[in-house]
Amino acid sequence: MRLIPPLSLWTLLRLLLACLLVGACDVVNAPVSQDLLGRNVLLSSYSETPKHLDSVASYSNNETPWTYAIYEPPLKYHYLKRPYELVPRTLAAMPVVTYYDKAGRVLPANAPGARIARSVMELRVKPGIRYQPHPAFAADEAGRLLYHELTPAELEGKRAPGDFARSGTRELVAADYVYAIRRLATPRIESPAFGFLSEHITGLKAYGEQIKQVNSKMKEGLSAREAGRFGHLPWLDFRQHGFPGAEVVDSHTLRISIDGKYPQFKFWLAMTFFAPLAWEVDAFYSQPGMKARNLTLDTWPVGTGPYMLTEYTPNHRMVLQRNPNYRGEPYPCEGEPQDRAEGLLADCGKTTPFIDGMVSVIEKEGSPMTAKFLQGYYDMPQFERGEPGTAMQVAIDDDTGRARELLAHKIKLPSTLQVGLWYYGFNWLDPVVGAGRTPDEAERNRKLRQAIAIAFDFEEFVQIFEDNRARPNVGPVVPGLFGSDAVKFNPQVYDLIEGKPRRKSIDEARRLLAEAGYPDGREAKTGKPLVINYDTQGVGPGYKARNDWTSKQFAKLNIALEIRNTDYNRFQDKMRKGAAQFFSWGWLADYPDPENFLFLLYGPNAKVKGDGENTANYKSAEFDALFEKMKDLDDTPERLAIIRRMSEIVQKDGVWLFGWSEEYTGAYQQWLANGKPSNIIRDSLPYLRLDPQRRLELVRQWNAPQPWPLAWFGVGLLALIVPAWMAWRRRQRATALAARTA
């Protein structure tokens, strides 16, 4: 019998010590490599893979970190100034606007909106701007494009633009913007902006019908499979199909024609719907086999911006790298008064972008995202959202959770108010809470709404559910916009006492309720209790608590609330049909102008009859007439007076309970500079500056291995190993002795 040489106790101890040292020498579960931590690259996360990166279709919040870093619309917002100010992005100067009457005569700049039949904007593109490197531009010595007639064999193995051997570039020209505007009408990918813009850009609606016909002809003779999701249609070349609303003047000048006067159109020029598109890129991605390989603008966008997408792994990781062809833009030298003290002007005049790129990995849950951020593995928890920062600020204020760690790590948490609101609304079509069929009924319904408005204590709501990180609204125009100060308080809900608004007493609400025909919450004629149906959406403990709070506000008036909670799709269907009686919803601004909120109450924009965003289906002849006038005015005292009157009308009618506007809080590591949160400005990445060496040092310090748990583990392990080793040694000796005697 062959015996295994026994291990000495010293050998066992050395092996155990080696294992403990290996475990203590490095952080084996670090989500980011040491090499990446030392590079000039921003590290962040995202919760949901973007659905659309094509500028025609992209409109969701979670897509903006990539689209606004890659694409360049003609305009952008000044990074630091508040109120928000539009400035040129790719233009040499702000657009020049000329007004015309119906006869085609030029009108003065101060002409009344009613006289203006057409507004023409002339945009002059800066010369010398170049696209990112991309195979769509690759050409041979004779200028022939290399990758525009690819065979299946040549496409084999190609999954990303970087898989092609060669790339090229060219200068941005005015025709690229015109091509992109025409492509808004494409039926091959739905644009959420087309419907609205077709009401303003001259001829765009008719052009959309024309392009549908062109596309239908291209489908003739093809089966449903050939024309389906992974089928192939010939390239729809928008150079061949024009319309008068968007025209090229010369290589670097274009004109956009708007029906009537629409001053807010300038804000659309800062959205990626108006980003340029090179025809070569559209043609490249339109080749057979591209869509099946996910080689599309939805996954691999192409632009002139400071960054380009170099890695796109759905549900895992996305990587931006510096565009080597980007011209660079100076960091701003002006801002708000406090910006200098906060260090936001330290980089005045320096060329951006400062950061070489961004690596963003998916985080489905909030807890691991926050944990990795506090470990230093993320410079920002999420690039496009303010909720993580707000939660961290609340933890500090309440001294709960990870407050001490946040303070010790010197996490920067600057806040601003979101340009948006959450509100409760009454359906104007409902016989109980709506407009009313007769003047007498209208007055009773109005008093009912006013009584409910008094009972709804939004100051309490903000304290309980928003941890005082929000502001109750007194009207439809939220803080920070022109006209938000036109009405200081809501006289239907508050009394002004010693110069300060104080919510009216619940007794006043009960008096109004009785005058409305519901004394003590019961119908005066029948004695039946008043029941209001409340439609909402959302599940979970947080939503239940909010619904309970809402019920309590009605209970103050002895009104029964029937909560009808559904999923979001069902809720939207109810709203489209006008089936909701009382509801809650929210709105986040598309652009920072009061028109973007007041149009939510504009009659022709009703949800039921107009399929618009007037969710209450509110209609007021005076309000609508004032809206028509207000929307065409610049920010003048006249416009301010009109906004004041419009606010007074809806306050008195009580069509909305104006709810609250939440704080938007950025969360930035101490080594990340120039962070200024905003839900309006989406192109902040080039302005951020980080210190990778400081990040690397602090991450090592914060995540230094703690050997004492391993030491205790070793002691416990020895307590088990030594007796077992001694028993094993005794058996070995006994076996050896028995072998020798045999």
Side-chain angles (χ1 to χ4, degrees), residues 52 54-61 63-64 67-68 71-78 83-91 93-97 99 113 116 118-125 174 176-186 190-205 207-208 243 245-247 254-277 303 305 419-420 481-482 587-600 602 605 612-613 630-635 678-683:
H52 294 296
D54 188 328
S55 60
V56 159
S58 179
Y59 197 36
S60 295
N61 189 47
E63 296 158 358
T64 58
T67 55
Y68 280 84
Y71 294 121
E72 288 197 288
L75 303 180
K76 64 180 179 179
Y77 293 98
H78 191 285
Y84 294 99
E85 179 183 318
L86 285 172
V87 295
R89 184 163 182 174
T90 60
L91 301 186
M94 290 296 288
V96 177
V97 183
Y99 300 121
I116 298 171
R118 190 164 55 99
S119 306
V120 177
M121 306 183 77
E122 188 164 287
L123 289 69
R124 178 72 180 170
V125 180
D176 299 334
Y177 281 107
V178 171
Y179 190 95
I181 294 170
R182 293 174 180 176
R183 191 168 169 267
L184 287 169
T186 181
E190 184 178 354
S191 173
F194 175 77
F196 181 81
L197 291 173
S198 66
E199 299 294 329
H200 294 281
I201 299 178
T202 303
L204 182 57
K205 181 178 287 187
Y207 180 70
F243 74 105
E247 297 178 310
L254 68 143
R255 290 194 185 116
I256 302 175
S257 179
I258 305 297
D259 292 333
K261 184 180 181 182
Y262 181 47
Q264 292 75 29
F265 184 77
K266 60 182 180 289
F267 295 112
W268 286 88
L269 295 177
M271 299 183 191
T272 51
F273 293 122
F274 286 88
L277 178 63
V419 187
L481 298 184
F482 179 84
W587 180 257
L588 202 60
D590 294 309
Y591 44 83
D593 189 86
E595 182 262 356
N596 197 234
F597 287 86
L598 292 169
F599 93 118
L600 299 174
Y602 177 52
N605 199 31
E613 297 300 335
M630 179 279 306
K631 69 181 179 63
D632 293 337
L633 293 175
D634 296 318
D635 291 342
S678 169
N679 69 296
I680 293 293
I681 295 174
R682 302 293 186 171
D683 61 336

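Side chains included, hydrogens not; waters and symmetry mates left out as well; all remaining heavy atoms used.
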I'd like to know if the side chain of [X] reaches the main chain of [Y], judged simply by a donor and an acceptor atom lying under 3.5 Å from each other, with no hydrogens or angles considered.
X    : Y    : value
S257 : T202 : no
N679 : L588 : no
S198 : F194 : yes
T64  : N61  : yes
K261 : G113 : no

Original post:
Taking atom CD of E122 as the centre, does the number of heavy atoms from other residues, nucleotides or ligands within less than 6.0 Å exceed 12?
Top reply: yes
Minimum heavy-atom separation for [X] and [Y], please, with both atom names.
X    : Y    : answer
A93  : P88  : C-CG, 3.7 Å
S119 : I116 : OG-CG2, 3.8 Å
A185 : Y207 : CB-CD2, 3.8 Å
I680 : P592 : CG2-CD, 4.2 Å
Y68  : D683 : O-CB, 3.8 Å
V56  : P192 : O-CD, 3.8 Å

Are any of the side-chain heavy atoms of [X] and [Y] separated by less than 4.5 Å?
X    : Y    : answer
P263 : D634 : yes
V178 : R255 : no
E595 : L598 : no
L254 : V125 : yes
P73  : L269 : no

About how many Å separate [atom2] of [Y] and [atom1] of [X], when rounded to the nearest 0.5 Å?
X    : Y    : atom1 : atom2 : result
M121 : F265 : CE    : CZ    : 6.5 Å
D176 : I181 : CG    : CD1   : 11.0 Å
E85  : K76  : CD    : NZ    : 11.5 Å
I258 : E199 : CD1   : CD    : 12.0 Å
S55  : M271 : OG    : CE    : 13.5 Å
D590 : W268 : CG    : CH2   : 5.5 Å

Subject >> Ion pair D593/K266, N-O distance below 4.0 Å >> reply: no
Original post:
With a 4.0 Å cut-off, would you call R89 and E72 a salt bridge?
Top reply: yes
**OP:** May I have the step-by-step check of side chain to side chain contact (heavy atoms under 4.5 Å, CB included) for L123 and Y177, ending in yes or no?
**Re:** CA-CA 10 Å; L123 289 69; Y177 281 107; over 6 Å; no
Subject >> Aromatic ring proximity, centroids under 6.0 angstrom, F599 and W587 >> reply: yes
**OP:** Kindly indicate, with the supporting measurements, whether the criterion ring-ring contact (aromatic ring centres under 6.0 Å, His included) is fulfilled by F273 and Y59.
**Re:** CA-CA 8 Å; F273 293 122; Y59 197 36; 5.3 Å; yes
Subject >> From CA spacing to verdict: side chain to side chain contact (heavy atoms under 4.5 Å, CB included), K631, Y262 >> reply: CA-CA 7 Å; K631 69 181 179 63; Y262 181 47; 5.8 Å; no
Subject >> F243 vs L204, side chain to side chain contact (heavy atoms under 4.5 Å, CB included): CA-CA, chis, key distance, verdict >> reply: CA-CA 7 Å; F243 74 105; L204 182 57; 3.8 Å; yes
Original post:
Side-chain donor-acceptor pair under 3.5 Å between S678 and Y77, yes or no?
Top reply: no
Subject >> Check against side chain to side chain contact (heavy atoms under 4.5 Å, CB included), Y84 and V419 >> reply: CA-CA 11 Å; Y84 294 99; V419 187; 4.0 Å; yes
